[in-house]
Amino acid sequence: MTLAAVLCCAITTTVFTACSSSDDDNDNTPKPAEIMGIGAHYTFSVTEQMSQLCDYTITYYGISGKLETEKATWTVEDGVATWEKTVSNTTIPATFGIRVRVRVKDGAQLEGVKVDNVYPVTQKMFVEGVTTEAKPAWEKTVYFNGNVTSHASTSGEKLQAYLDVIDERGGMVNKTYTFDKEGNEIASGKIE
């Protein structure tokens with residue numbers, strides 16, 4: 001009942017406020033801060049075993065929308081190896097995304113090894129619109145794999161063949177998203 005009373009008062013106040021007129025054309029209410037840029041934080045992680053057996057090359061939209069490529073360097077915790085990168089773009093609409101290529105390391109010892117999970121553990125990005133006052137205006141998390149966790153094991157001797165099939169089907173990850181200043185996804189694609 002209390003919630004209903006509060007809502008009733010709020011609606012009544014809104015109706016009376018909306019109906020009131022003013023001869024004063026000067027609107028002194030502060031205008032919302034403009035969006036000055038969009039930032040993204042990429043997170044890509046694999047099992048510690050895969051990080052030891054394979055080299056990962058990650059191409060991503062970096063600062064100001066420039067494509068950059070680097071070999072993944074990992075932070076390992078609780079059996080999971082994670083690569084992270086934070087970037088921003090002041091050109092709006094802004095495009096962000098990653099492409100991950102993976103190859104077995106030269107000299108990796110694969111004989112008699114069972115690879116527990118070939119697929120990534122996490123592949124996502126956190127995106128945020130930032131105002132001229134350096135405050136977040138909106139934020140969202142995008143899962144490159146649609147928030148589905150894949151799991152596949154194989155023998156070490158078959159690992160490169162398995163990775164080749166993944167590469168033929170588009171790779172570990174290859175997705176891009178373009179956002180407008182309100183945070184709407186206006187396009188998606190791949191890094192060529």
Side-chain angles (χ1 to χ4, degrees), residues 3 6-7 9-11 13-15 17-18 20 22 24-46 51 56-78 80-102 119-150 166 169-192:
L3 179 58
V6 171
L7 288 175
C9 289
I11 291 170
T13 303
T14 303
V15 169
T17 304
S20 69
S22 172
D24 186 8
D25 289 335
N26 290 337
D27 185 8
N28 291 332
T29 57
K31 302 216 184 283
E34 290 291 316
I35 303 295
M36 72 171 194
I38 302 175
H41 181 83
Y42 302 115
T43 303
F44 178 80
S45 60
V46 296
S51 74
Y56 289 79
T57 303
I58 302 178
T59 301
Y60 59 95
Y61 279 95
I63 294 177
S64 298
K66 180 183 170 195
L67 277 176
E68 300 182 32
T69 300
E70 66 182 55
K71 184 177 173 182
T73 55
W74 307 103
T75 301
V76 179
E77 187 175 315
D78 297 328
V80 175
T82 301
W83 171 88
E84 295 180 279
K85 184 68 66 174
T86 300
V87 299
S88 62
N89 195 339
T90 56
T91 303
I92 301 173
T95 300
F96 299 99
I98 63 174
R99 178 183 66 204
V100 179
R101 300 208 177 200
V102 58
Y119 289 106
V121 176
T122 306
Q123 44 185 324
K124 67 181 180 180
M125 71 176 171
F126 175 79
V127 188
E128 177 178 74
V130 180
T131 69
T132 51
E133 298 169 347
K135 295 181 180 175
W138 53 264
E139 55 187 41
K140 55 180 61 185
T141 301
V142 177
Y143 293 91
F144 292 117
N145 62 348
N147 204 14
V148 174
T149 302
S150 298
I166 291 172
R169 294 181 181 169
M172 274 290 169
V173 180
N174 190 357
K175 291 199 178 176
T176 65
Y177 299 92
T178 302
F179 300 94
D180 66 13
K181 67 180 182 176
E182 283 86 28
N184 300 311
E185 180 187 322
I186 58 173
S188 62
K190 296 184 175 198
I191 295 175
E192 298 301 323

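Each residue takes its place number in the sequence, starting with 1.
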Checklist entry - How far does OG1 of T141 sit from NZ of K124, to the nearest 0.5 angstrom? => result 6.0 Å

Next on the checklist: One thing to verify: whether K85 and E68 come together as a salt bridge, which I'm taking to mean a side-chain N less than 4.0 angstrom from a carboxylate O.
Outcome noted: no

Next on the checklist: For the backbone of P93 and the side chain of D180, can you confirm whether one donor and one acceptor N or O come within less than 3.5 Å of each other?
Outcome noted: no

Next on the checklist: I'd like to know if the side chain of Y42 and the backbone of Y61 have a donor-acceptor N/O pair within less than 3.5 Å.
Outcome noted: yes

Checklist entry - Atom CZ in F44, atom CE in M125: separation rounded to 0.5 Å? => result 14.5 Å

Checklist entry - Short question: side chain of R99, backbone of E192 - any donor-acceptor pair under 3.5 Å? => result yes

Next on the checklist: Rounded at 0.5 Å granularity, tell me how far OG1 in T131 sits from CE in M36.
Outcome noted: 7.0 Å

Item to check | Candidate pair V173 and N145, rule side-chain contact (heavy atoms from CB on, under 4.5 Å), full reasoning | outcome: CA-CA 8 Å; V173 180; N145 62 348; over 6 Å; no

Next on the checklist: Check whether T178 reaches the backbone of I186 with its side chain - one donor and one acceptor, N or O, closer than 3.5 Å.
Outcome noted: no

Checklist entry - Looking only at heavy atoms, which two atoms of A72 and I58 are closest? And how far apart? => result CB-CD1, 4.0 Å

Checklist entry - Could you give the distance from OG1 (T122) to CZ (F144), rounded to the nearest 0.5 Å? => result 12.0 Å

Item to check | Passing candidate, side chain to side chain contact (heavy atoms under 4.5 Å, CB included) with T95, options T176, N89, I38, L67 | outcome: T176

Checklist entry - Could you state the interatomic distance from CZ (R101) to OG1 (T57), rounded to the nearest 0.5 Å? => result 9.0 Å

Item to check | Heavy-atom donor-acceptor pair, W138 side chain to K181 backbone, under 3.5 Å | outcome: yes

Next on the checklist: Closer than 3.5 angstrom, by distance alone: can the side chain of Y177 be matched with the main-chain N or O of G97 as a donor-acceptor pair?
Outcome noted: no

Checklist entry - Going from CZ on F126 to OG1 on T86, what distance comes out if it is rounded to the nearest 0.5 angstrom? => result 10.0 Å

Next on the checklist: Can you give me the closest heavy-atom contact between V46 and Y56, atom names plus distance?
Outcome noted: CG1-OH, 3.6 Å

Checklist entry - Would a 4.5 Å heavy-atom cut-off, applied to side chains only, mark V142 and F179 as touching? => result yes

Checklist entry - Taking side chain as C-beta onward, heavy atoms only, is E128 less than 4.5 Å from H41? => result no

